[in-house]
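Here's the structure, in structure tokens; my notes come after.
Here is how names work: the chains are called A, B, and so on, in the same order as the sequence lines, proteins then strands, and each is numbered from 1. Just so you know, these numbers use all the heavy atoms, side chains as well, and skip hydrogens, waters and symmetry mates. Bear in mind the structure is a predicted one, so any value in this text is a computation, not a measurement.
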There are 2 protein chains.
Amino acid sequence: MNKPERGPQARNREETRERILAAAERVFAEYGFEGASLSRIAAEANLPKSNIVYYFETKKKLYRLVVENIFNVWREAADAIQPDNDPEQALGDYIDTKLELARQRPYGSKVWANEIIQRAPIVQDYLEGELRSWTDDRIRVMNHWIAEGRIRPINPRNLLYAIWATTQHYADFKHQIQTLNEDKELSEAQWQDTKRAVKDILIQGVALRSE
Amino acid sequence: MNKPERGPQARNREETRERILAAAERVFAEYGFEGASLSRIAAEANLPKSNIVYYFETKKKLYRLVVENIFNVWREAADAIQPDNDPEQALGDYIDTKLELARQRPYGSKVWANEIIQRAPIVQDYLEGELRSWTDDRIRVMNHWIAEGRIRPINPRNLLYAIWATTQHYADFKHQIQTLNEDKELSEAQWQDTKRAVKDILIQGVALRSE
DNA sequence: AAAAACTTTGTCCGCTCGGTCAATAATTTT
DNA sequence: AAAATTATTGACCGAGCGGACAAAGTTTTT
């Protein structure tokens, strides 16, 4: 009856699950939910297809886990958006972290984008629950900043969307950016440039003119 | 031999093609290239599947036309980005037009997003040809503006990406925005707000501080 | 009005899909 | 070491896929 004794089997089980999840993130990102096939995911993970089904039961359940993963990562990135923090600093940190995630986890971002483009057929409940309350919290903070005259009175919702759009663009449209960069990945220096430019544009957009 | 006499047949032919293209835009947008099926497109267009094949031969060719359509619409939207125009006016107009397109042609935008997310398996040649030269032209204009000290010295490429990302976000992530808006479509007033806010953020981001 | 060209549509095909299942192998519990 | 549990895998299934094709209907050209 006692399972959680973490024998070699349990460890391997977790490793295999992670490997499948990583493969699934890549494949879902590049083909969308319907376009991704279990056999492609299996090939990517170097496992037979039946093994995937054994661990995750259905394609839909596997997909949901992938989507929830990226959402949770993003959620943590906004930790700095708190009433008492300096707005420009907090938003700058948020943008930095978000861009870093676009760089490190582009597949997750693409899966999310795909799911939303297709009108969230699988995770709509997530949007109406966790995403909505999380977003409302951040907007409340930004309204607080505006009330205190610490940033320009810009609709926080549109500001938030601008941040999301701009940062995630570097993941979702990575291929286009690369093509427009002579087919080369962005260099370290270009990433630094990008972070500076994005913050520059967006932060100056909300900063008080008097500064 | 003479065909272009535009009899009732020719007119009907064009109507049918347009109906299929419109249906295909919607279906490709919501399911991606692989997820979209010819039978779904056919059902959406109220035609038998064979008819689609008759007019467009293959799914791929039909898809390409859909993608080229939206690209051409977007291309025209940037007409105002010319060296002699006022930068803030020109960029503001571009943003306005781009947002209006996000509102009126969300499906086209979604198809484009899907194609890029999936690394442009069908239209890569387009990216390397028309998109690249078009983009370089705009960047040249913006560098000209910077050299003349008419906008802040922000990397034009990042600025362009910020504009694309932010405007297209309102099409591609329309469903998410709607969910965060109490499941209601944006009202006319909200669209006006959005246009103002987006321009406010991005234009203030490039505007000279001295103004 | 006969012939030619174009359009519409139903049927059919080989293939891949998500998922089931049973056989087997490996590990853990008794 | 026997029994029970967990993990791995190949064979298989009905369904839907993109597309080929031929028959029938319509329009245009002779």
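- Counting only heavy atoms from C-beta outward, the side chains of B:D183 and A:Q124 approach each other to under 4.5 Å.
- Atom pair B:L38:CG and C:dT11:P shows a separation of 18 Å (rounding to whole Å applied).
- B:E115 contributes no side-chain N or O that, together with a main-chain N or O of B:V67, makes up a donor-acceptor pair within less than 3.5 Å.
- Dense packing is recorded around CZ of B:R64, with more than 12 heavy atoms of other residues, nucleotides or ligands lying under 6.0 Å away.
- Rounded to whole angstrom, the span from the CD atom of A:E34 across to the P atom of D:dG18 amounts to 11 Å.
- Atom-to-atom, CD1 of A:I20 to C1' of D:dA7 comes out at 11 Å; the value is rounded to the nearest Å.
- For the residue pair A:Q168 and B:H169, no side-chain donor N or O sits within less than 3.5 Å of a side-chain acceptor on the partner.
- A straight line from CZ of A:R17 to P of D:dA7 spans 10 Å, rounded to a whole angstrom.
- More than 12 heavy atoms of other residues, nucleotides or ligands shown are found within 6.0 angstrom of CZ on B:R132.
- Rounded to a whole Å, the CG atom of A:N51 is 13 Å from the C1' atom of C:dA26.
- Not one side-chain nitrogen or oxygen of A:S37 sits closer than 4.0 Å to the OP1 or OP2 atom of C:dT16.
- A sub-4.0 Å separation between OP1 or OP2 of D:dT8 and a side-chain N or O of A:Y54 is absent.
- Per the geometry, CZ belonging to B:R19 stands 15 Å off P belonging to C:dT7, to the nearest Å.
- We find that NZ of A:K61 is positioned 16 Å from P of C:dG18, with the value rounded to whole Å.
- Comparing A:S39 and A:E57 along DNA chain C, the residue whose closest nucleotide (by nearest heavy atom) sits nearer the 5' end is A:S39.
- Rounded to whole Å, atom P of D:dG18 lies 13 Å from atom NZ of B:K60.
- Contact annotation: A:S50 does not reach the phosphate of D:dT8 (side-chain N/O to OP1 or OP2, under 4.0 Å).
- Within the nucleic acid shown, B:A36 comes within 4.0 Å of sugar-phosphate atoms alone, with no base atom in reach, counting heavy atoms only.
- Considering only side-chain N and O atoms, A:R13 lies under 4.0 angstrom from the phosphate OP1 or OP2 of D:dA7.
- Of the candidate nucleotides D:dG19, C:dC17, C:dG18, C:dG18 has the atom nearest to the side chain of A:K59.
- For the OP1/OP2 pair of D:dT8 and a distance below 4.0 Å, the side-chain nitrogens and oxygens of A:Y55 include at least one atom meeting the criterion.
- Both A:K49 and A:I52 lie near DNA chain D, and the one whose nearest nucleotide falls closer to the 5' end is A:I52.
- Listed candidates were C:dT9, D:dG19, D:dG10. Nearest to the side chain of B:L47 is C:dT9.
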